[in-house]
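We name chains A, B, ... by the order of the sequence lines, and we start the count at 1 in each one.
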There are 2 protein chains.
Amino acid sequence: MVRTRNRPTLKDVAKLSNCSIAVVSTVVNNAKGNTLVSDEMRQRVNQAAQHLGYRAHFASRTLKEKCSRTLGVYFPPVPWAGAGYGYEGAMIRGVEKACREFNYDLLLVNMAGDNDAQSCMDKFAESRIDGLVLMNVDDQHDWLPRLLDISSNVVAVDYSGRVDQLHAMLFDNRAAVRQAVEHLAALGHRRIGFISSCKARVHQDTFERKLAFIDTVKQMGLDDDDQLIFDTRFLGRVIEPDEECCMVEGQQAADHFLSLGDQRPTAILAYNDLSAVACMHRMMAQGVRVPNDICIMGIDDAELCQRVYPTLTSISHPLPEMGYAAASFLIKRSAPELRKTSQGNQVVRQIFAPTLIPRQSTAALR
Amino acid sequence: MVRTRNRPTLKDVAKLSNCSIAVVSTVVNNAKGNTLVSDEMRQRVNQAAQHLGYRAHFASRTLKEKCSRTLGVYFPPVPWAGAGYGYEGAMIRGVEKACREFNYDLLLVNMAGDNDAQSCMDKFAESRIDGLVLMNVDDQHDWLPRLLDISSNVVAVDYSGRVDQLHAMLFDNRAAVRQAVEHLAALGHRRIGFISSCKARVHQDTFERKLAFIDTVKQMGLDDDDQLIFDTRFLGRVIEPDEECCMVEGQQAADHFLSLGDQRPTAILAYNDLSAVACMHRMMAQGVRVPNDICIMGIDDAELCQRVYPTLTSISHPLPEMGYAAASFLIKRSAPELRKTSQGNQVVRQIFAPTLIPRQSTAALR
DNA sequence: TTGAAAGCGCTAACAT
DNA sequence: ATGTTAGCGCTTTCAA
C-alpha cells in the first residue's frame, strides 16, 4: 500500500565497500569510532554510500546518542494563538532558522490541544525532544515547575511570571510603552488614551504595559485622567477567552473615548495591534478621521499593521530574533558536540529592545 | 549543565514489580507480546510504572516498530509563506488536529530554508517521518517525482500540476470564481474587473482562477473586455518573488481601473485577499468609497478579511479541513494499527468546495 | 502465566 | 588500519 523505499543500512554500505560497519559509520556519519581510515577506504565507502543513497537512521542514532536533535515549540491552546497567527509564526521562523543552522528538527507540541502540561512533559519523558520553547505562558500555567523538574532545557519567550528558574527571552514592555508615549508626545499630544485588556485572564505582559503607561504619563507630566485608561471599569464586564477579544476591546474603547466629548484624547495607544486596529476602524465608521481627528497606535508590529488603511504606527517586538536566541540557547546546551561550550548554571534572561515603526495612523497634533 | 531527569526504562519498572521486561512491555505499552498476564501482575506493573513515571522511549520504539508516528509539513521557501502567514497556519491547524487524534507528532520541514528537495527526501530516508504534507508546491518543484520515488506517503494541498501520482487535497478554484462572479452579478454588477497575478512565477491555482474568470464572464454574458483583466500587460513588467507582490499587484490594479474613467468596472474580483485589500486601500486613498462607488472582493477568506475596514467579502478556502483530510490520509496509511484498513492503490484527489462569505466590501449596484 | 533472548541500526570501546 | 562486539530501549517469538 504505502511504499517507502527500503532504506540501506550501514550493513549494506559495508558489504558493497568490502569493510566493516564500524568503518562505514566512521566515514559516513563522522562518528568518533575508527578515526584512522585510509584515504582509499574513505573514498570507496563514500562512493558506496552515495550510490545507495545511505542516510543514518534517525531513531537508531537517537537511541545511541541519547539526543534527538529535535526541539519542541509550544503555544497555549487559546483560540487566537497557533502558528496561523502572525505573532507565533514570526517567532517560529526564528526558531526554525537556528534549527537549520545546527541541523536540528522542530516539533510542534500540542498546537491547539488539550492536556498541554502532559504533552509537554511527555515529549521530554519519551526523549522525543531535547529542548522546548514555550510561547505565551504565564503563571496560570501552574505546571511550569513540574515541567522544569523533568528538564531544565526549557526557555520561555515573553514570560514575566514568578517562576524564576525559567530561562526566558523577554521583550522590554516598559521601554516599548515609553517609546510609544514619547512618539505621541513629540507629535504634540498631551492627552493620550490607553486601551488595556479586558480579558478574563490578563497576560502579565499586558498588565505591565498598562502599569508602564500610567507611570510614563505621570513622569512626563501628560494628562493624567482615569477616563483615559480604558479597561474593565468602562466595559462593565470581563471578556471570555472564546470571544474575539481584541476586537471587542478596541471597539468598546472607541465608543468610550468618543463618548468623552471634548474630554476625549487626541491620541490613543493600545496594548496591542489588533485592538488598535479595531478601535481605529470603529472610529472611522463613526466618521472620525485617522490621523487627522485622532491618532492611534499599537504595540508588537504585527503584519496586520502594514495591511490596514491607514497603516498603523506600532512598536516592533523582535520575535524572530527572540525565537532564534531561544532555540540557539537550547541547542547549545543539548547538542553533544557543543555541550562543553555552554554557559554556567545561572538562569538566562535576555531582554530585547523595542523599535518604533512610524506609519500613517499617527501625525502631529493640529 | 542541562538536567533532564533520568527517565526510567522497562528494566526499572520490571525490577520494581518483580517481573520481566517482556511483561512490563505488554502491560504498559499495550504491546502484543505476552498477551496473558494475570490481573494481579497487571496491577503491580501499572502501579510501578505510574510511580516511576514511565513512558516508552520514542526512538527505541520507532526503531523496533519501523514507524516514527510523525508527519512532516513542508512549505516552499518563498518570502511570503511560512507558518507566520494565515494561509499556511490555517492548514497546519487541521493537520495538527488529525495528529492529536491519532497520537502522531508533527515536524516542520525546512520552513524557510534552502535545499528543500533534499530536506524532504532526507526526512524519509532517515525514517524521521512516516508521511509528508506538501503545501503550495507546483511543477516548478521538479523534484516531486524523485520524492515520490522514495515514499508514496506524500499528499499535496492545493496542487494542480502535472505529477498525477501525487495524492492531493484540492480547492475548487473554478467554483470559487464562479461563486464570486455570481455574487457580484446578483448585486447587479455587469462590468466586473479581475486582478490576476503579475508574479514572475505564477502558481497554477492563480492561473486557473484567471481562466475561470474569463470563462464565467463569457458564460454569464457579462461585460467581456480585455481592459477589465489586470495582469502583466498593464503592469508592463513582471514582479520578482522578493517584492511585496500582492500589495504591488493590488495597488497597480487600482490605478489601472481608475484610469479607465467611465469604462471602469463597478466591481472588482481579486485572485486573492491580499491583493484585493491592497486595491481597496489604494482606491480609498484616492477618495473612492467602497462599496458605494466600487465593490471589491477577494478569494481564500484569509483572517485579514475580517480585520480591514470595510471588511472584505471573500470565498472561503477550507484549509483546516483540507489539512485534516491530508493528515488523516497519511496516518491511516502508515499507522501499524490501521494499515490494513487503508484503501487501494489509486491516487486520491479530494476536492473541497468554496463558500461565499459576504461582508461589507460588496453591495448592490446603485 | 511468565521469562529469556534475538534483533531493530547505530556508535565506540576494544581487539586484532 | 580495520574488525568484533556490547549495548542504547523496545517488541515479540519461543521456551519454560
Quick one: do the A:Tyr104 and A:Ser68 side chains pair a donor with an acceptor below 3.5 Å?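 There is no such pair between these side chains.
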Parallel, tilted or perpendicular: which describes the rings of B:Tyr74 and B:His141, with under 30° parallel and over 60° perpendicular?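 If you compare the ring of B:Tyr74 with that of B:His141, the planes turn out perpendicular.
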Apply salt bridge (Lys or Arg N to Asp or Glu O under 4.0 Å) to residues A:Lys123 and B:Asp105 and explain how you reach the verdict. CA-CA 10 Å; A:Lys123 299 303 171 209; B:Asp105 278 325; 2.8 Å; yes
Which parts of residues 38-45 of chain B get close to DNA chain C, meaning a heavy atom less than 4.0 angstrom away?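 The stretch gives B:Ser38, B:Met41 as the residues lying under 4.0 Å from the strand, ordered by number.
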From [atom1] of [X] over to [atom2] of [N], roughly how many Å is that when rounded to an integer?
| X | N | atom1 | atom2 | value |
| --- | --- | --- | --- | --- |
| A:Leu63 | D:dC8 | CG | P | 9 Å |
| B:Lys11 | C:dG3 | NZ | C1' | 15 Å |
| A:Phe58 | D:dC8 | CZ | P | 19 Å |
| B:Arg7 | D:dG9 | CZ | P | 7 Å |
| A:His57 | C:dG7 | NE2 | P | 17 Å |

Nearest-neighbour nucleotide for the B:Ser60 side chain, C:dG9, D:dC10, D:dT2 considered: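 Looking only at heavy atoms from C-beta outward on B:Ser60, the closest nucleotide is D:dC10.
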Roughly how far apart are A:Arg349 CZ and A:Leu170 CG, rounded to 0.5 Å?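 Reported to 0.5 Å precision, the distance equals 6.0 Å.
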Applying salt bridge (charged side-chain N to carboxylate O under 4.0 Å, His left out), name anything that partners A:Asp158, two or more places apart in sequence or on another chain.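 Counting only residues at least two positions away or on another chain, A:Asp158 forms no salt bridge (charged side-chain N to carboxylate O under 4.0 Å, His left out).
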Name the pairs: protein N/O against N/O of nucleotides 11-15 of chain D, kept only if under 3.5 Å.
{"residue": "D:dT11", "atom": "OP1", "partner": "B:Arg61", "partner atom": "NE", "Å": "3.1"}
{"residue": "D:dT11", "atom": "OP1", "partner": "B:Arg61", "partner atom": "NH2", "Å": "3.1"}
{"residue": "D:dT11", "atom": "OP2", "partner": "B:Ser25", "partner atom": "OG", "Å": "2.4"}
{"residue": "D:dT11", "atom": "OP2", "partner": "B:Asn29", "partner atom": "ND2", "Å": "3.1"}
{"residue": "D:dT11", "atom": "O2", "partner": "B:Lys64", "partner atom": "NZ", "Å": "3.2"}
{"residue": "D:dT12", "atom": "OP2", "partner": "B:Lys32", "partner atom": "N", "Å": "2.9"}

Shortest non-hydrogen contact between A:Arg7 and A:His57, atoms and distance: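 Taking every non-hydrogen atom into account, NH2-N, 3.1 Å.
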For C:dG3, does OP1 or OP2 lie under 4.0 Å from any side-chain N or O of B:Ser20?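 Result: yes.
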